[in-house]
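These notes concern the structure reproduced below.
Order of appearance sets the numbers: ligands from 1, and atoms from 1 within every ligand. One is the number of the first residue; the rest follow in order along the sequence.
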Amino acid sequence: MTECVIIDGKARADALRASVTAQVARLRAEYGLQPGLAVVLVGDDAASQVYVRSKGEQSLAAGMHSVTHRLAVDTSQAELIDLVERLNADPLIHGILVQLPLPAHLDAGAVLERLNPAKDVDGLTMVNAGRLASGLDALTPCTPLGCLILLREALGVLSGRNAVVLGRSILVGRPVAGLLLAENCTVTIAHSKSRDLPSICRQADILVAAVGRPEMVKGDWIKPGAAVIDVGINRVPFRDPVQAALGKTKLVGDVAFKQARQVAGWLTPAPGGVGPMTVACLLRNTLTAAARGAGLDLAAP
Ligand code: GUN
């Protein structure tokens with residue numbers, strides 16, 4: 001049995017960001033066009049604040065115009081929609097991302113539907129989700145795009161492979177299944193109501209776990225030599241009771257990493273696998289949206 005390759009998502013994300021940065025410089029120099037990204041955060045969710053800061057910093061570092069709108073937790077639906085409409089109309093902004101989850105009093109679906117699909121760099125509007133589901137070109141959600149880039153690099157051609165996607169969220173499970181289908185994989189979407197998840201997963205040449213359940217996928221769920229992409233980021237107490245009593249926590253994925261690496265052919269660590277690809281893909285989508293808006297056909301980095 002050959003050794004499992006641990007996929008270095010950070011290195012791949014660094015390379016993608018470098019390539020986006022070079023294309024942004026070219027757009028600015030040759031066409032006077034600076035891609036612009038607006039990120040909207042409502043409330044003070046701790047994890048969202050970290051993600052949003054990173055999106056702002058990385059877009060600036062790539063040479064983009066970048067604005068972050070931080071709104072109070074009691075912002076009304078009308079105020080949020082008003083901001084989205086202003087960003088839709090702003091010629092300096094080519095990509096808009098409304099960070100999820102929104103506070104419970106806001107209707108995320110209704111807000112997302114107000115986004116101009118051409119600026120929907122998160123790929124969450126009905127237009128972009130529908131285009132992906134119909135096999136048409138679309139702006140696609142960033143984490144799924146990151147998974148696909150990592151899989152293509154690990155496996156080369158994906159056509160004909162059996163892919164199992166665990167999870168059916170609009171942010172990850174459904175779009176990742178759409179992208180894998182577009183690559184001519186045979187795709188199964190499994191979820192909390194699926195019967196006998198271990199045997200479904202054992203069919204997979206490609207297994208994408210995006211369920212938000214710490215270390216749910218065990219070693220014996222994995223087909224020997226499979227490519228396993230772990231999208232989960234779960235905060236759990238330390239197993240050591242002394243550390244746990246001190247309130248210490250750590251991050252783990254949806255896959256039991258130590259078991260999985262004994263069986264899989266390729267495996268992403270979590271954290272450090274898919275996570276860094278998400279922001280890099282957001283930059284890529286913003287570049288694509290800016291170029292398309294100007295009628296330019298850039299080769300996607
Ligand atoms: N919250 C966690 N991941 C994401 C993402 O990819 N997009 C948005 N808008 N919110 C998120």
- Task: Test side chain to side chain donor-acceptor pair (under 3.5 Å) on Thr125 and Asp120 and set out the steps.
- Result: CA-CA 7 Å; Thr125 53; Asp120 169 28; 2.7 Å; yes
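By the side chain to side chain donor-acceptor pair (under 3.5 Å) test, Thr278 is found to be paired with Thr143, residues two or more places apart in sequence or in another chain being considered.
Between Met64 and Leu60 the shortest heavy-atom distance is O-CD2, 3.8 Å.
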Measure from every N or O atom of ligand 1 to the protein's N or O atoms and keep only the pairs below 3.5 Å, writing each with atom names and distance to 0.1 Å.
{"from": "ligand 1", "atom 1": "1 (N)", "to": "Gln99", "atom 2": "NE2", "distance (Å)": "3.2"}
{"from": "ligand 1", "atom 1": "1 (N)", "to": "Leu100", "atom 2": "O", "distance (Å)": "2.8"}
{"from": "ligand 1", "atom 1": "7 (N)", "to": "Asp122", "atom 2": "OD1", "distance (Å)": "3.2"}
{"from": "ligand 1", "atom 1": "7 (N)", "to": "Asp122", "atom 2": "OD2", "distance (Å)": "3.1"}
{"from": "ligand 1", "atom 1": "9 (N)", "to": "Val98", "atom 2": "O", "distance (Å)": "2.8"}
{"from": "ligand 1", "atom 1": "9 (N)", "to": "Asp122", "atom 2": "OD2", "distance (Å)": "2.4"}
{"from": "ligand 1", "atom 1": "10 (N)", "to": "Leu100", "atom 2": "N", "distance (Å)": "3.0"}

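By the 4.5 Å heavy-atom criterion applied to side chains, Leu100 and Leu124 are counted as neighbours.
Counting only distance, with no hydrogens or angles, the side chain of Glu79 and the backbone of Ser76 share a donor-acceptor pair below 3.5 Å.
The hydrophobic cluster containing Val121 does not contain Val67, counting ILVMFWY residues as joined when their side-chain heavy atoms lie under 4.5 angstrom apart, directly or transitively.
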